[in-house]
**Student:** 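Have a look at this one.
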Amino acid sequence: MPETILIVDDEIEMADTCARVLRSFGFKCLVACNSAKALALFDSERPALVVSDITLHTSDGFEIARYVHRKSPEIPVVLMTAYHTPDTAHKALASGAAAYLRKPFPNVELVSIVKSLLDGYSKA
Amino acid sequence: MRVCCLDMSVTPERKRPGLLSDPKSRMVLAYCILALIWVVVSEFLLPGPSSLVNRLIFIAVTGTVMSLLWWRGRIEGRQYAVQLRESDAIAGVYFESAAQGILVAAADGRILRINAALEQMFGYGHEELVGRQVEILAPDRVRARHTAHRESYFKAPRSRPMGIGLDLAGRRKDGSEFPLEISLNYVAPEAGHPLVVCFITDISERVAFERQTRQAETLNTLGAMAAGIAHDLNNPLAIISSRSELMLSLLDSGNPDLRHDLEVLRRNAERASHIASGLLMLAAQRSTARQPVNINELVETTILLSGGELRECNIEIITSLDRKLPPVLGDQSALQRLLMNLVLNARDAMPDGGKVCIASAPAPDQAGMLQLSVADTGAGIPAKVLPKLFEIFFTTKPSGTGLGLWLANRTLREHGGKIEVESEVGKGTKFTLTLPMSDESGSAAESGQDRR
């Protein structure tokens, strides 16, 4: 049974790209282009991991990370951003994100992070 | 200290003697009054006594009064001379000890007097300036104009600040120029020629501060623009890069030209991303408020940010952090960027894997300082390259911007610290940052070594 990953990005082509990459490695992907849809999908589908962009139109990835962390702290959240600053990284950590990705990133980096988080690598 | 008397024939604080305050005038007036009294007494009130007695009485009274007045005038004259000398001595002390440069010049431009601050400001000795034309202190390019300005000033003299809105400059003895402000004060003595007293202030430090402020404002604007550019570019670049990789992975081996085209596309997306990052890094040198920064937390954030990339390159991270270190008072973002840059440099130096050791500890033999080191087991840096390492735009990497270490060095200097490098080809490189600790105590915990 493939593990389900929820991908959230207001740039739908970016979300689709991540989904294509992860599907090619055998994961099942759900895509949301706003936080409302993302939270609804999270509640209904209970994905194994969430990958979210930080900058969303109506909300932000920090809010999604906080929501997931509050409801299911065992589910890791990966936050990604096209606008990396140390402050953004600190906020990502503070919101409960398990990993942080700077766009653009090699596909293998996304896959590697997702796999290691799902395998419990970070707990080692 | 050399004290000189101004002696400018002008003493504004000294009162002009009035009719009754002048001893000679008082004596003449007293004589006239006594003579009048004598005429009245001798002719009308005392007609009986002989004129000889009257004259003797008059001479006795007049002599006594005149002697008293003369004696009083002499005392006053002595007091006046003492006051005058004291006043001149005080003026001389003011003149010599003033922080501003003071120059007294005649209408024809001759320098009559200067104070010690002016000598120091321009690098000349007293004898080298007194008697010379004031234009010796003006830069070559404005000397001719200065003469014309001086002549026109004495045609309609008044006290005023000079050159408001102009960039006035002085010329030192060694030929160097510096910005200055001048206040001109016209003096018209009762006797002698008109003078001008110039108060001159060296404003080099103020101008430098204003320049830095303008530069910081420019960097802030540039930073805001760069942030927008980086965000707007990185999203499409991420899509191009990822899709190119996907297409490459799906492409069969029978189409080498298409594979090559896709690789070119992906490589150039990566290159564009490097350019955006370089611009952002340069512009991110924005002035921000200093705050207590926990160096160990910076290390942990850096590991979180770069951990994935390092693991991917088969690089092990080893930390040895002194958790009792007090924080550093600094720009958290700039220090974070600096550390991240060093860690990513270490990654680039170890394409086949290796170890990165990050350690924090009090600086040995330097009270109040801490050290943070980032050491790798990579290829090392040749000795001939080391001196150039912190130069702007110097890079040994094909896609490097040559900004990272230059900015690191600059950031450290701005924090009152320094960065040093040791390297041995084939063994690795170690960067050591030394920073002043702030007085506030950091979180207390045990020292330890972690492996990630």
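To find a chain, count down the sequence lines: A is the first, B the second, and so on, and within it residues start at 1. Hydrogens, waters and symmetry mates play no part in the numbers below; they use all other heavy atoms, side chains included.
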**Student:** So which heavy atom on A:L93 is nearest to which on B:T301, and how close?
**Tutor:** CD1-OG1, 4.0 Å
**Student:** Quick test of your reading: applying side chain to side chain donor-acceptor pair (under 3.5 Å), list the pairs with at least one residue in residues 37-47 of chain A, sequence neighbours left out, ordered by first then second residue.
**Tutor:** A:D43-A:Y67, A:R46-A:S72
**Student:** Heavy atoms only: give me the nearest A:P104-B:A238 pair and the separation to one decimal.
**Tutor:**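 Minimum heavy-atom contact is CB-CA, 3.4 Å.
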**Student:** Determine whether A:P106 and B:E245 make a side-chain contact, defined as any pair of heavy atoms from C-beta on separated by less than 4.5 Å.
**Tutor:** yes
**Student:** List the residues meeting salt bridge (Lys or Arg N to Asp or Glu O under 4.0 Å) with A:K28, not counting sequence neighbours, and say none if there are none.
**Tutor:**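 Expected list: none.
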**Student:** Between A:T55 and chain B, which part of the residue has a heavy atom less than 4.5 Å away: side chain, backbone, both or neither?
**Tutor:** side chain
**Student:** Can you tell me how far apart OG1 (A:T81) and CG (B:N235) are? Round to the nearest 0.5 Å.
**Tutor:** 8.0 Å
**Student:** Quick check on the structure: residues of residues 8-15 of chain A within a heavy-atom distance below 4.5 Å of chain B, by number.
**Tutor:** A:E11, A:E13, A:M14
**Student:** Looking at CZ of A:F105 and CG of B:N234, how far apart are the two atoms once the value is rounded to the nearest 0.5 Å?
**Tutor:**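 Output value for this atom pair is 11.0 Å.
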**Student:** When rounded to the nearest 0.5 angstrom, what is the spacing between CD in B:Q332 and NE2 in A:H90?
**Tutor:** 4.0 Å
**Student:** Side chain from CB out, backbone as N, CA, C, O: work out which of these in B:L250 comes under 4.5 Å of a heavy atom of chain A, or both, or neither.
**Tutor:** side chain
**Student:** Do any of residues 16-25 of chain A have a heavy atom less than 4.5 Å from a heavy atom of chain B, and if so, which, in residue order?
**Tutor:** A:D16, A:T17, A:R20, A:V21, A:S24
